[in-house]
Amino acid sequence: THGRYLCQSILIMRVLDYDPFIHALEKHFQSSKSTGTVRISFKRVVGASHKRRAHEGEQENYCLVRAKCGKERISTRISSKDIVRFQLAFAALCRSQMDALKKRDRKRGAQKRHV
């Protein structure tokens with residue numbers, strides 16, 4: 001019975017290419033603007049991408065980027081030669097979506113220090 005619950009709780013993750021991932025991430029940010037959270041994780045992967053290449057001795061380094069918004073999960077693999085281009089696009093996306101952040105109330109902190 002435990003296996004049945006485990007299978008029901010597994011969510012399917014869509015693996016996307018570089019550009020569709022950025023567009024899907026932008027949609028996640030827009031949908032979670034008023035309420036919700038977008039969780040993003042980066043993982044450096046060192047090694048072969050396929051078992052066949054592992055036997056040949058070729059190793060490919062890449063970065064695995066995952067994002068989760070609600071129950072939808074997306075991911076992409078960024079090769080080491082495309083990482084700078086991805087970082088620029090990701091930074092631009094993050095800057096454009098930071099308008100929903102609330103400003104910090106500095107008056108409270110000043111009152112606590114003076115008391």
To the closest 0.5 Å, what do you measure between [atom1] ([X]) and [atom2] ([Y])?
| X | Y | atom1 | atom2 | result |
| --- | --- | --- | --- | --- |
| Leu88 | Leu93 | CG | CG | 12.5 Å |
| Ile78 | Gln87 | CD1 | CD | 10.0 Å |
| Tyr62 | Ser79 | OH | OG | 11.5 Å |
| Arg39 | Lys68 | CZ | NZ | 7.0 Å |
| Arg66 | Ile74 | CZ | CD1 | 12.5 Å |

Could you list the donor-acceptor pairs under 3.5 angstrom formed by side chains in residues 21-32, with sequence neighbours left out?
residue	atom	partner	partner atom	Å
Gln30	NE2	Gln97	OE1	3.1
Ser31	OG	Lys27	O	3.3
Ser31	OG	His28	O	3.0
Ser32	OG	His28	O	3.0
Ser32	OG	Phe29	O	3.4

**Side chains of Thr37 and Cys69 in contact at under 4.5 Å (non-hydrogen atoms)** =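 No - every pair of side-chain heavy atoms lies 4.5 Å or more apart.
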**Prompt:** Less than 4.5 Å apart, any side-chain heavy atom of Phe86 and any of Val65?
**Reply:**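 In contact.
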